[in-house]
Every structure is written in structure tokens, then in C-alpha cells.
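Below, chain A is the first sequence line, B the second, and so on; all start at residue 1.
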There are 4 protein chains.
Amino acid sequence: MSTTGAPDPSRRNDATRRAILSAAIDQVGEVGYAKLTIERIAKSAGVGKQTIYRWWPSKGAVFFDAFLDLAGDGEAAALPDTGDLAADLKLVLVATVDELNDPRFDRAMRALHTEIVLDPVLAADYAARLDNPMREIKKARLRAAQEVGQLADEVDLEVAVDLIWGPVLNRWLHRTAPLTSEYAEQVVDTALAGLTPRKS
Amino acid sequence: MSTTGAPDPSRRNDATRRAILSAAIDQVGEVGYAKLTIERIAKSAGVGKQTIYRWWPSKGAVFFDAFLDLAGDGEAAALPDTGDLAADLKLVLVATVDELNDPRFDRAMRALHTEIVLDPVLAADYAARLDNPMREIKKARLRAAQEVGQLADEVDLEVAVDLIWGPVLNRWLHRTAPLTSEYAEQVVDTALAGLTPRKS
Amino acid sequence: MSTTGAPDPSRRNDATRRAILSAAIDQVGEVGYAKLTIERIAKSAGVGKQTIYRWWPSKGAVFFDAFLDLAGDGEAAALPDTGDLAADLKLVLVATVDELNDPRFDRAMRALHTEIVLDPVLAADYAARLDNPMREIKKARLRAAQEVGQLADEVDLEVAVDLIWGPVLNRWLHRTAPLTSEYAEQVVDTALAGLTPRKS
Amino acid sequence: MSTTGAPDPSRRNDATRRAILSAAIDQVGEVGYAKLTIERIAKSAGVGKQTIYRWWPSKGAVFFDAFLDLAGDGEAAALPDTGDLAADLKLVLVATVDELNDPRFDRAMRALHTEIVLDPVLAADYAARLDNPMREIKKARLRAAQEVGQLADEVDLEVAVDLIWGPVLNRWLHRTAPLTSEYAEQVVDTALAGLTPRKS
DNA sequence: TGGTAAGCGAGACGGTACGTCGAGTCTTAAG
DNA sequence: CTTAAGACTCGACGTACCGTCTCGCTTACCA
């Protein structure tokens with residue numbers, strides 16, 4: 001018989017769990033991630049602090065779960081494939097730009113990145129649960145392009161993904177300049193064509 | 001004549017200022033940014049808390065100044081130009097990779113990004129004082145390449161910079177995969193050549 | 001039903017409460033009332049500051065409670081009555097003098113007076129809980145004397161008490177001159193006999 | 001040549017000194033003694049903090065001087081002597097009661113007592129500069145009474161003064177009960193007649 | 001079907017850091 | 001050389017949250 005105090009997940013009250021996660025998202029929207037506290041989440045969820053500490057180790061973990069819960073729904077299983085690679089990529093990238101420009105999403109997403117940048121454990125978790133699946137979907141589309149000769153055979157798909165999505169993510173994160181659809185399309189065109197001149 | 005109560009910089013003790021900034025850097029190295037506190041900086045610098053609050057509004061601002069002070073020194077004025085664009089870019093990017101892989105620099109740099117991602121004011125300051133000057137240097141090298149026909153005329157230099165440096169920065173930030181020299185070189189090659197096949 | 005945020009006394013930890021009160025008394029004895037701080041009491045009691053602020057509004061209030069707790073125990077129920085009023089009063093007053101000359105008690109008592117002199121609320125509380133009960137005891141002894149003809153019928157007992165105890169308290173408070181047993185006895189004799197000459 | 005830093009009083013600017021003292025009195029009236037600070041006095045007097053510290057060791061000392069400056073003026077040189085001791089004493093004591101009941105004077109006087117009760121040095125200074133001179137005046141009147149047979153020869157004048165003025169001061173300090181003229185007169189009568197019955 | 005061992009809301013507790021105020025010392029510039 | 005001004009170190013203020021710890025209470029499971 002163990003007395004480790006590890007809680008029994010089977011007895012967990014799911015309504016409470018959801019109340020906590022959605023309170024976390026709400027409060028980030030209201031006061032920002034820096035002023036998000038466990039006590040605030042608890043009060044806003046109508047929950048005792050201990051209930052949060054029983055199931056999560058830190059505010060970062062709570063928010064992280066909350067974010068994944070939110071983002072996990074309605075994920076596309078595949079990128080569009082109309083046969084026109086450039087058009088398909090632009091479509092997806094412009095949608096991403098719109099999402100990042102939505103203030104509510106912007107705040108939550110920046111909060112997430114803050115945690116991920118500093119905490120390798122969360123970063124790994126994030127990679128496993130959200131980023132890698134998305135990468136696979138992206139790579140699948142690129143692989144399909146490769147098979148029909150729209151993408152050079154020698155291109156490493158990891159690098160290709162980074163080349164296309166990296167610049168957009170970066171400009172958003174660092175606010176180097178306004179993040180527009182035009183920029184997204186320019187990135188796609190430039191990445192596909194390359195920087196060096198093509199003969200005629 | 002203003003009555004804002006803003007302190008008079010001319011009376012500022014510069015030795016104290018430097019002690020604070022270097023204490024901030026030291027302490028981030030020792031305990032990490034999350035555990036960095038104003039009190040810790042003050043104690044480590046042998047300084048009253050009030051002296052910090054008199055000149056900076058937050059720990060983020062202190063650390064930010066400290067970082068800029070550090071990074072501002074010994075900045076290269078120009079990228080190497082041997083005539084071989086690919087080689088020059090690889091050289092620079094590999095150096096960047098090495099820097100980012102240095103644990104001391106890694107910690108400070110991540111801390112900086114955390115602040116910048118959440119605070120647009122700091123982001124603008126960072127852009128003005130460090131990022132933009134660096135971008136100009138990068139663009140100068142690319143423009144030179146354009147003039148000798150090593151870079152396509154229609155390429156937007158902003159996009160080109162993002163395409164080359166963005167992926168490296170991203171992989172470092174998100175720890176998508178280990179950040180290696182090989183990756184840096186692969187990024188340069190791929191960005192220059194483009195993703196679509198070139199005829200023979 | 002109130003929402004004042006006032007804490008619920010039933011949940012109060014009594015061991016903690018006692019630790020705070022006795023730490024307050026200890027520390028006044030060690031460093032004096034002027035250097036008594038909430039932080040010092042908290043540290044000496046092994047208690048968080050917030051726990052003190054939760055239950056008391058100021059250091060004065062803490063100390064006041066501590067003093068009453070101390071003084072409230074072991075109070076005599078009545079003054080001695082041997083039939084000789086002068087002797088009885090001298091006995092009591094000399095005991096008071098000794099008490100006031102005890103450095104530990106002196107410090108605490110002066111601290112108490114400091115608070116009482118400036119704060120009418122504390123003064124009222126002090127009167128209700130300590131001073132008035134003591135006055136009643138004193139008046140009871142004087143009333144008994146009146147009944148056996150040792151005290152003039154027309155004497156107001158309030159004034160009588162003030163006349164006997166007032167001078168001693170005053171000399172102690174203001175350090176007009178050293179507070180001795182002889183003085184106490186002289187006060188009793190003079191108050192009983194009056195200042196004007198008696199015939200024969 | 002000495003470098004003890006002891007300031008030379010002869011170079012003292014008297015206008016500055018007066019500005020400080022009257023600022024101290026003003027500010028006690030405005031915010032009370034507890035919230036009186038050196039900085040507040042300095043600002044209100046248009047004076048640097050150092051100027052105050054150069055001449056006084058503490059806020060208590062400043063206020064004390066300020067008070068003495070105020071009270072020192074217009075002191076009576078002698079108590080009235082109409083030949084009727086009781087009447088003369090009542091007149092003086094009733095005047096004292098009125099003074100103590102004046103709110104402005106009450107505040108300053110309580111502040112003064114707070115300092116005196118805790119600080120023996122100030123107490124001695126107060127005794128030397130205000131209390132003793134007043135006692136001598138009181139004793140002079142009583143001595144005169146003794147010489148005309150209105151006061152018993154064996155009465156110690158120190159005790160007599162304490163017996164008459166002590167009760168009034170005490171009731172004021174501790175707010176035992178409202179301080180009225182009637183009380184003052186009752187004290188005089190009782191002290192003169194004594195507590196024990198007089199034959200016939 | 002009643003006992004008992006969770007989970008839970010609530011919130012007191014020992015702590016750490018916050019950002020502010022004032023103490024008392026020291027430096028600078030003006031007169 | 002004194003002064004007004006104010007930066008400096010230091011320490012306490014009173015507050016906000018941290019993460020841990022009871023408290024009763026509801027709510028399953030199991031005997």
C-alpha cells in the first residue's frame with residue numbers, strides 16, 4: 001500500500017478540470033500572462049488552490065494544458081493539395097498570419113512561447129503534442145510535391161518546413177515589421193525559387 | 001520646466017550603474033532569469049533597491065540594458081565578403097550557431113527573448129539598438145552579392161535575411177532539433193538554391 | 001452576511017497567536033518599543049508577517065494585546081484590608097513602585113503609555129480591560145475605609161484614587177525625580193492628612 | 001585644527017532655524033506626530049535635510065525645540081497670590097484644563113509626552129527648560145502659603161505640587177474621564193483638606 | 001446501505017519578493 | 001564654508017502570491 005500522495009486520476013472531477021483550464025485562458029486574455037497567478041485562476045474557476053496544485057506543478061503547466069486543449073480541437077488532418085504547391089502554401093500561411101494577428105490568440109500564443117523558450121520540458125511536451133504533428137502534416141504536403149517533381153529531390157524536408165514557416169513565426173515573435181499576407185506570399189515565392197538567379 | 005519627479009541623469013553615479021548591470025548579467029547566469037529578482041541584483045551589486053527603481057521600471061528593463069551593454073561592445077561592422085556568398089554566409093551562420101550553443105549566452109539570450117516577446121516597447125528598443133543595425137549589415141552583404149549577380153535582382157532583401165537567419169533562430173528558440181553547423185550550412189544552401197528543382 | 005474579508009477567528013491557530021504575543025513582549029524587552037517592528041516580531045515568533053497583519057492592524061495593537069495578556073493574568077482581586085488604611089495603601093503603592101522600577105516592566109509599560117496617549121481607541125480599550133477593573137478594586141478599599149470612618153464621607157472616591165496613585169504614576173512617567181518607596185509613603189501620608197494644617 | 005565635524009553655532013543662519021521649527025509645528029498640526037518626518041519638515045521649510053541633521057539628532061529633538069520655542073514665550077513669572085490659596089490654585093488649574101482641552105495644544109502636548117516618556121535625555125531637557133521652572137513657580141506660591149499658615153509646615157512642597165497638578169495631568173493623558181473645571185476644583189479642595197475626616 | 005477514503009472549496013500558515021517610504025550619509029553646484 | 005538639492009545604502013513598511021497545510025463537506029466505492 002502506497003502513501004505517495006499521488007492523486008488518483010480516476011476520481012478526478014472533469015467539470016472542475018475544465019473550469020480551471022478555461023479560467024486560465026480567460027484570465028490570460030484579461031490580464032496577460034505576467035499577471036496570471038494560480039490564485040487568480042483558482043478564484044476565477046471557483047476552485048481551491050490545492051485542487052490546481054494536485055494536478056499541475058506550475059502555472060506554466062496549467063496554461064500549457066489549457067492552450068493545448070484549445071488548440072487541439074479542430075486541427076486539420078492535412079494541408080490542402082490542389083496540385084499547385086505555391087498556392088496551397090500561400091493559403092495555409094496566410095491563414096496562419098490571420099490567426100497570429102487575432103489579438104486573443106496573439107496573447108495566448110506569446111504566453112506559450114515565453115514558457116517554452118525557458119523550459120525545455122515544456123518545449124519537449126509542446127513538440128510532442130502540437131508541433132511535431134503539425135510538422136508531419138506539413139512535410140506530408142511537401143513530400144507529395146516532391147513526388148510530382150514540384151520540389152527538388154535533394155531538399156531536406158525539415159529544412160524546407162523551416163524555410164517556409166520560420167520567417168513568418170519570427171517576424172510575429174519579434175515584431176520586426178507588420179505581419180501581412182503579402183509578406184507570407186513573398187516568403188513562399190522566395191523560398192521556392194531560391195535566392196540565386198535562375199537562368200532565364 | 002518639468003516637475004515629473006524624473007531623476008536628473010547628470011547626478012547619476014556611473015560606477016553604481018555599471019555594478020547593477022554586471023550584477024544582473026552575473027545573476028542570470030547563476031540562477032536563471034525566472035529566479036532573477038530586483039532584490040538579488042541589488043544585493044549582488046551592493047546597492048539599495050531604490051537605486052535600481054530610480055533608474056529602471058522593472059527587472060526586464062534592467063536586464064535588457066545589461067544585455068545591450070554587453071552585446072553592444074565589439075560588434076562587427078560588416079560581414080565578410082570573399083566573393084563567395086555561400087561560404088561567407090555559412091561562416092557567419094556557423095559562428096552564430098556556436099554562440100547560441102554557449103550555455104552562458106544561451107541563458108541570457110533566452111531571457112532577453114522572453115521579455116521581448118511579451119513587451120512591445122522593449123521589442124522596439126531592441127530592434128532599434130541591436131536588431132536593425134545587424135539587419136543593415138546583413139543586407140549590405142546581400143546587396144553586394146546582388147550587384148555582382150550572385151543574388152537575383154527581384155529578391156526582397158528583408159525576405160532574404162529572414163530566410164537565412166530565421167530558421168536558425170527558430171530552431172534554437174524552440175529546440176525543434178539540435179542546432180548544428182550542418183544545419184546552418186544546409187539552410188544556406190537550400191535558401192540560395194530554392195525548393196523547386198533547377199533544370200540540370 | 002458580510003463580505004468584509006475579515007478573517008474567520010474560528011480557524012485561527014492559537015499556538016501561533018501566543019507565539020506572536022510573547023515574541024512582542026520579548027522584543028520590547030530586548031530592543032525597546034521604538035525599535036520594535038512587525039518584521040522583528042514575526043521573525044522572533046517564527047511566523048510570516050502576513051499572519052500578524054491578518055489579525056492586528058499595527059504594531060501598537062499587537063503589543064497592546066500582548067501586554068494585556070501578560071497583565072491580565074494573576075490580577076489581585078482585592079487590596080489588603082488590615083484595618084489600617086495608611087499602612088495598606090503604602091504596602092500597595094510601594095509594590096507598584098517596585099514594579100515600575102523593574103526595567104523589564106518599565107519598558108513595556110512605557111511603550112503601552114506611548115500608544116495610549118496618542119490613540120483614544122486603545123485608551124478606551126485599556127480603560128475597559130485593565131484600568132477600570134483596577135480602579136474598582138481601589139475604590140472598594142477606600143469605600144470600606146469610609147464605612148469605618150477612616151475616610152471623610154464627602155470625599156469623592158474617584159478623586160481620592162487619583163490623589164493617591166496619580167503622583168506616583170506621574171513621577172514615573174516624567175522622571176521628575178527618582179521614584180522611591182519613601183516618596184510613595186509620603187504621598188499617602190500627605191494625601192490622607194491634606195495640605196492645610198490640622199489643629200493640635 | 002579640528003575636523004570633528006561639529007558645526008560652528010556662530011555661523012548658523014537663524015532664519016533657517018526658525019523656518020525649520022515653525023515648519024515642524026505646522027506639520028504636526030496637519031498630519032499628526034506619527035506622520036511627521038524629517039523629510040516633510042525639510043520640504044515644508046524649504047531646507048535641505050542635511051541642514052536639519054546638522055543641528056538636531058532626531059525628529060523628536062526638532063519638535064521638542066519647536067515646542068519649547070512656542071511655549072517659552074509668554075510664560076507667567078509667578079502664580080497669582082490673592083491671599084486665598086484655594087482660589088488661586090483653582091484659577092490656575094482651571095486655566096490649565098482649558099489649555100489641555102484646546103485641540104491644537106492637545107495634539108502637540110501629547111506628541112511631546114510621547115517623546116519624553118520614552119527618551120530620558122529629552123525628559124531631562126524638558127525638565128530643565130520647562131518643567132522645573134514651572135515647578136519653582138508653583139512651589140513659590142505654596143511656600144508663601146506656608147509662611148502665612150495656610151499650608152502645614154511639615155508638608156513637602158514637591159509632594160504638594162504633585163498632589164495638586166498630578167491628578168489633572170493624569171486624567172488628561174489617560175482620558176480616564178472628561179477633564180472638567182469641576183474636577184480641577186475638586187482636586188484642589190480634596191488635596192487641601194485631606195482624605196481623612198477632620199474633627200468638627 | 002452505511003463507512004470510509006478520496007476529491008474538493010476555503011483559507012490560514014511560513015515564506016519571498018514586491019514597490020514605496022523615510023532614515024541618515026555623502027556629493028555636487030551655487031552663493 | 002554653508003546651503004538646497006538630491007543620490008546613495010539600508011531597513012521596514014504593508015501587499016501579493018507562493019506552495020503546504022488543515023479544516024469540513026460532498027461524493028463515490030466497497031463491504
>> If you only use heavy atoms from C-beta on, which nucleotide in F:dT9, E:dA12, E:dT20 is closest to the side chain of B:Y53?
In response: E:dT20

>> When you measure from the centre of the six-membered ring of D:Y33, is the NZ or CZ of D:K59 closer than 6.0 Å and no more than 45° off the axis?
In response: yes

>> The test is salt bridge (Lys or Arg N to Asp or Glu O under 4.0 Å); show your working for B:R40 and B:D26 and say whether it passes.
In response: CA-CA 11 Å; B:R40 178 180 275 269; B:D26 285 359; over 6 Å; no

> What is the distance, rounded to the nearest whole Å, between atom NZ of C:K59 and atom P of F:dC13?
Replying inline: 8 Å

> Taking CD1 from C:I52 and P from E:dG15, how many angstroms apart are they, rounded to a whole number?
Replying inline: 12 Å

> Residues two or more places apart in sequence or in another chain: which of them pass side-chain hydrogen bond (donor to acceptor under 3.5 Å, both in side chains) with A:D14?
Replying inline: A:R17, A:R18

>> Side-chain N or O of C:T51 versus OP1/OP2 of E:dA12: is the shortest distance under 4.0 Å?
In response: no

> Rounding to a whole Å, what distance do you find between D:R54:CZ and F:dC1:C1'?
Replying inline: 9 Å

> Is it true that D:H113 and C:H113 have ring centroids separated by less than 6.0 Å?
Replying inline: no

>> Test: ring-ring contact (aromatic ring centres under 6.0 Å, His included). Region: residues 6-28 of chain B. Which pairs qualify, not counting sequence neighbours?
In response: none

> Rounding to a whole Å, what distance do you find between C:Q50:CD and E:dG14:P?
Replying inline: 11 Å

>> Does anything in residues 19-44 of chain C come within less than 4.0 Å of DNA chain E? Heavy atoms only, and list the residues if so.
In response: none

>> Please report the distance, rounded to the nearest Å, between CG in C:N13 and P in F:dC23.
In response: 9 Å

>> Please classify the nucleic acid contact of B:W55 as base, sugar-phosphate, or nothing, using heavy-atom distances under 4.0 Å.
In response: sugar-phosphate

> Whole Å only: how far is the CZ atom of A:R18 from the C1' atom of E:dG7?
Replying inline: 16 Å

>> By nearest atom, which of the nucleotides E:dG14, E:dA12, E:dG9 is closest to the C:T16 side chain?
In response: E:dG14

>> By nearest heavy atom, map C:D14 and D:P57 onto DNA chain E; which one lands nearer the 5' end?
In response: C:D14

> Between B:G48 and C:R11, which is nearer to the 5' end of DNA chain F once each is assigned its nearest nucleotide?
Replying inline: B:G48

> So, for B:R175 and A:V117, which heavy atoms are closest and what is the spacing to 0.1 Å?
Replying inline: NH2-O, 2.7 Å

> Is there a donor N/O on one and an acceptor N/O on the other, under 3.5 Å, for the side chain of A:K49 and the base of E:dG11?
Replying inline: no

> Of the nucleotides E:dG7, F:dT9, F:dA5, which has the atom closest to the A:D8 side chain?
Replying inline: E:dG7

>> On a heavy-atom basis, which atom in B:D8 and which in B:W55 lie closest, and how many Å separate them?
In response: O-CH2, 3.6 Å

